[in-house]
Protein chains: 2
Amino acid sequence: MPKQVDHDERRRQLTEALLRIASTRGLQAVSMREIAAEAGVSLRVVQYYFTDKQALLDSGLAELAARLDRRVRQRAAADTGRLSTRGVFEAVLGAILPSDEQSRLDSLAWTAYYTAALTDPALAAAALTRPDALEDFLTTRLTTAQQAGDLASDRDPRTEVATLLALANGLTASVLGRQRSHAAATAIIDYHLDRLFGPTATLRPPPD
Amino acid sequence: MPKQVDHDERRRQLTEALLRIASTRGLQAVSMREIAAEAGVSLRVVQYYFTDKQALLDSGLAELAARLDRRVRQRAAADTGRLSTRGVFEAVLGAILPSDEQSRLDSLAWTAYYTAALTDPALAAAALTRPDALEDFLTTRLTTAQQAGDLASDRDPRTEVATLLALANGLTASVLGRQRSHAAATAIIDYHLDRLFGPTATLRPPPD
DNA sequence: ACTGTTAGGATACGACTGTATCCATAAAGG
DNA sequence: CCTTTATGGATACAGTCGTATCCTAACAGT
């Protein structure tokens, strides 16, 4: 047998080439030949490791979901026990908003996939499933905080969580379109976390 | 001369055919021939009334912006004087969220354009300009309400408006993806308007 | 009535698409 | 050693794309 190639590694390289194109030139600029060129291989190699273009697109979507999940998990879930409830929300929402260049590119690709899924049934199943896990986790956490007295009793945890996630998505769109800076988006999130959890002590000036 | 055709009317028909395709099959499904078929004319006619595909896309974007502007204006700005500040916000935000089938289709097309503009410089200039007018109008209105004592003094009108608009966009995305119903999105908006303007009197049960 | 312009039908061009096929090479197993 | 199999280069195919061209038909102005 020939060179004995690691198929998973090859597929990973091609998937990353695909996402690089999708995030910089859009999902409609993704073609078999473009992926090959971006990855520095021939067209045949792309065909060899992926049966279909659809398989390639599916792989890109899966990798993207894994990346976003990883980002949220690394920022928050690792030491979720040690963080305050507010800290958890800051971490999760901060992980959703595009901050550095890489997360911006990933958000761009994700937006492209999401939009394509709205009119393409082949992508809808994979891209339009609601990520219940994150929402449930935050709702549970916020409900607990409310029972502990850290959240006003007239707040509805489910609605508050749904709001913050939808708000983060809306802000993300505006950051991607460069209508708002990352800092401005973060400020808006913080404003609402302040209201949610009351005038927090973190950076309050010392009492005179 | 021949049939003496109304060029503007012809262009309007073709633009609407374009938007019909973009909102149901996506912007990447829009081709000259598809537009011709959708409008029931020949390819040559499409070429005759639009010099470019780019001109066609620009026309679609302009029509879309006009429709959304019209929707907001009809719901709110016409009798903005007679409405309460809360009523204005309900009207504007309700006009942004896709409600009936037509506004859903328009929102789909708008989302497709916005996403395409993120990676296509030819669309970026027209689609990624911040609609300052609406935001400024609402901010002014909210500031006035605050001065009249209808809004708690520790609220920041600018941030509140930016939040509600970004929230409406985020909720719109979830409604388009059928992850949330229109009613659920409206409930979330109302929840926050309740908090903004205090426990409102509109539907409060009569005091015993 | 003739002429010139406008409106569109028909067709073609080169580029690009996803996919399929043919064939060469290289290494592992007998 | 030699056959088999995994890898990938080269090329082809049938569509579709935006755009260009050619030509005809119908009417306005003179």
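Residue numbering restarts at 1 for every chain, and letters A, B, ... go by the order of the sequence lines. Please read these numbers as outputs of a predicted model, since none were measured by experiment.
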**Q.** Value rounded to 0.5 Å, distance of CG in A:Leu164 from CG in A:Leu193
**A.** 6.0 Å

Q) Is a donor-acceptor pair below 3.5 Å formed from side chain B:Arg44 to base D:dT21, judging by atom type as modelled? A) yes

Q) Rounded to the Å, how far apart are A:Leu43 CG and C:dA20 C1'? A) 11 Å

Q. At under 4.0 Å between heavy atoms, what does A:Tyr49 touch on the DNA or RNA strands: base, sugar-phosphate, or nothing?
A. sugar-phosphate

**Q.** For B:Ala112 against A:Thr115, the heavy-atom pair lying closest together
**A.** CA-CG2, 3.7 Å

Q) Nearest-Å distance, CZ (B:Phe50) to C1' (C:dG8)? A) 16 Å

Q) In a check of side-chain hydrogen bond (donor to acceptor under 3.5 Å, both in side chains) between A:Gln13 and each of A:Glu9, A:Arg11, A:Glu16, which one passes? A) A:Glu9

**Q.** Atom pair OG1/CG of A:Thr111 and A:Leu27 - distance to nearest 0.5 Å
**A.** 11.0 Å

Q.
Could you tell me how far apart A:Leu57 (CG) and C:dT17 (P) are, to the nearest whole angstrom?
A. 14 Å

Q) Quick one: on DNA chain D, does A:Val45 or B:Ala29 contact a more 5' nucleotide (nearest heavy atom)? A) A:Val45

Q) Without hydrogens or angle criteria, can the side chains of A:Asn169 and A:Thr172 be said to hold a donor-acceptor pair below 3.5 Å? A) no

Q) Separation of A:Lys53 atom NZ from C:dT17 atom C1', in whole Å? A) 8 Å

Q) Charged N to carboxylate O under 4.0 angstrom, A:Asp150 versus A:Arg86? A) no

Q. How is A:Val46 classified with respect to the nucleic acid when contacts are heavy atoms under 4.0 Å: base, sugar-phosphate, or nothing?
A. nothing

Q. Any side-chain N or O of A:Tyr48 under 4.0 Å from OP1/OP2 of D:dT7?
A. yes

Q) Any Lys/Arg nitrogen of A:Arg25 or B:Asp120 sitting under 4.0 Å from an Asp/Glu carboxylate oxygen of the other? A) no

Q: Taking only heavy atoms on the protein side, list every residue of residues 31-42 of chain A lying under 4.0 Å from any atom of DNA chain C, sorted numerically.
A: A:Ser31, A:Met32, A:Arg33

Q: Let me know the distance between CG of A:Leu27 and C1' of C:dG18, rounded to the nearest Å.
A: 15 Å

Q. Does the side chain of A:His7 get closer than 4.0 angstrom to OP1 or OP2 of D:dA6 through an N or O atom?
A. no

Q: Could you tell me the separation between the CD atom of A:Glu63 and the CZ atom of A:Arg12, rounded to the nearest 0.5 Å?
A: 8.0 Å

**Q.** A:Asp100-A:Ser103 side chain donor-acceptor pair, cut-off 3.5 Å
**A.** yes

(Q) If I take atom CD in residue A:Gln47 and atom P in nucleotide C:dC22, what distance separates them, rounded to the nearest angstrom? (A) 14 Å

(Q) What is the separation between atom CD on A:Gln28 and atom P on C:dC16, rounded to the nearest whole Å? (A) 15 Å

Q. How large an angle, rounded to 10°, do the end axes of the helix from C:dA1-D:dT30 to C:dA28-D:dT3 enclose when each is built from five base pairs?
A. 10°

Q.
Without decimals, in angstroms, what is the distance between B:Arg25 CZ and D:dC17 C1'?
A. 15 Å

